[in-house]
Each structure stands twice: as structure tokens, then as C-alpha cells.
Amino acid sequence: SSGINAEAIHMEAKPQRKTKSVDALKKCEHDPHVLLAVSKLFWSERKLNKARDWLARTVKLEPDLGDAWVNYYKFELLHGSVDQQEDVKKRCIAAEPSHGPLWCKYSKDIKHWQEKTEFFLLLGANNLMPPT
């Protein structure tokens, strides 16, 4: 399963993550969870241009994956310009994502029942720790 392949990347010791990510991409090259895991791998290695490219690829492939938007927005908050941050936020709001365990943790919470996409994006990014 793609989720297992994506999780396997993060479970590896740092020296083996690159090999595991290549294996996962070979098996599931069009899976947004695997692409997101590879994005986070580049981010953790401070390969910021590659991380940005892979995050953009992930949300383009699956705009409904809120977890990808949260990671992309957090990435831009830490490493991007105000214009890049606003661009990601606008595109996320237009996409209206509704999937991903992190996204649903906030969007399905009954106390946030009246909130909209921007609220969940900001809440998720605020609570997300950058990958290590």
C-alpha cells in the first residue's frame, strides 16, 4: 500500500531513507502520500528547492490531500517569501481539500464545525513540526 511505503521512508534510519524513497517511488510513483514523504525527506535534508518542487508536485497530483497543503504551507512559512506563502494559501482555499489524517484531525473536530479551509490550513501549519 502507498501509505505503508510512505511511512516506511520515515521509519528508516536517516542513511537508508533515500534508498527507501527510491524504492517507494518505483512502486507508487503517482501516489501523493509517497510524493509527500519524499518532499519531507528533501526538507529534512535542507534541500529546499527540491522540497518545494516535490511539495508542488504533490498538491498538483492530489489537490484534495489536505496534509500535503499543510506541509507545503508550513514549508513556505519557514523558507518562502510572503508571496509564496500567499500563493499556497490561495491555491489551497481554491482546492478545498478534505482528506488526510492531519487535515481531518482539525476539519472533523466538532468544535470547528463552522470553519473554512483557510482556518484548517493555518491551524494545521501552526501545529506541524518540520520533518527531521
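This chain uses plain numbering: 1 for the first residue, then up along the sequence.
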Open item on the list: Minimum heavy-atom separation for P130 and L78, please, with both atom names.
Closed with: CG-CD1, 3.5 Å

Open item on the list: Tell me whether E45 is salt-bridged to K47, with the criterion being a basic N under 4.0 Å from an acidic carboxylate O.
Closed with: yes

TODO: Under the salt bridge (charged side-chain N to carboxylate O under 4.0 Å, His left out) rule, collect the residues that match up with D87, sequence neighbours excluded.
DONE: R91

Task: Counterpart residues, side-chain hydrogen bond (donor to acceptor under 3.5 Å, both in side chains), relative to Q84 (two or more places apart) - done: S81

Task: Separation between NE2 of H33 and CG of L61, rounded to the nearest 0.5 Å - done: 10.0 Å

Open item on the list: Under the salt bridge (Lys or Arg N to Asp or Glu O under 4.0 Å) definition, can you give me all pairs with a residue in residues 66-86, not counting sequence neighbours?
Closed with: R52-E76, E86-K89

- [ ] Using the test side-chain contact (heavy atoms from CB on, under 4.5 Å), find all partners of T117 that sit at least two apart in sequence or belong to another chain.
- [x] C92, I93, E96, P97, W103

TODO: Apply ring-ring contact (aromatic ring centres under 6.0 Å, His included) to H99 and list each qualifying residue two or more places apart in sequence or on a separate chain.
DONE: none

Open item on the list: To the nearest 0.5 Å, what is the distance between CG on L36 and CG on L41?
Closed with: 11.5 Å

- [ ] Check side-chain contact (heavy atoms from CB on, under 4.5 Å) between R57 and all other residues, then give those that pass, not counting sequence neighbours.
- [x] L35, W54

Open item on the list: Checking L77 now: which residues fulfil side-chain contact (heavy atoms from CB on, under 4.5 Å) with it, not counting sequence neighbours?
Closed with: Y73, Q85, A125

Task: Pairwise distance CG(L65) to CG(D31) - rounded to 0.5 angstrom - done: 9.0 Å

- [ ] Identify the heavy atoms of A68 and T58 that sit nearest to each other, and give their distance.
- [x] CB-CG2, 3.7 Å

Open item on the list: Let me confirm one number: the OG1-NZ distance from T132 to K40, rounded to the nearest 0.5 Å.
Closed with: 10.0 Å

TODO: Please identify each residue that fulfils ring-ring contact (aromatic ring centres under 6.0 Å, His included) with F75, with sequence neighbours left out.
DONE: W43, H79

Open item on the list: Which residues pass the side-chain contact (heavy atoms from CB on, under 4.5 Å) test with N126, not counting sequence neighbours?
Closed with: none

TODO: Please collect all salt bridge (Lys or Arg N to Asp or Glu O under 4.0 Å) contacts where either partner lies in residues 103-113, sequence neighbours excluded, each pair once.
DONE: D109-K111

Open item on the list: Quick check: closest heavy atoms across S98 and C104, and the distance to 0.1 Å?
Closed with: O-SG, 3.5 Å

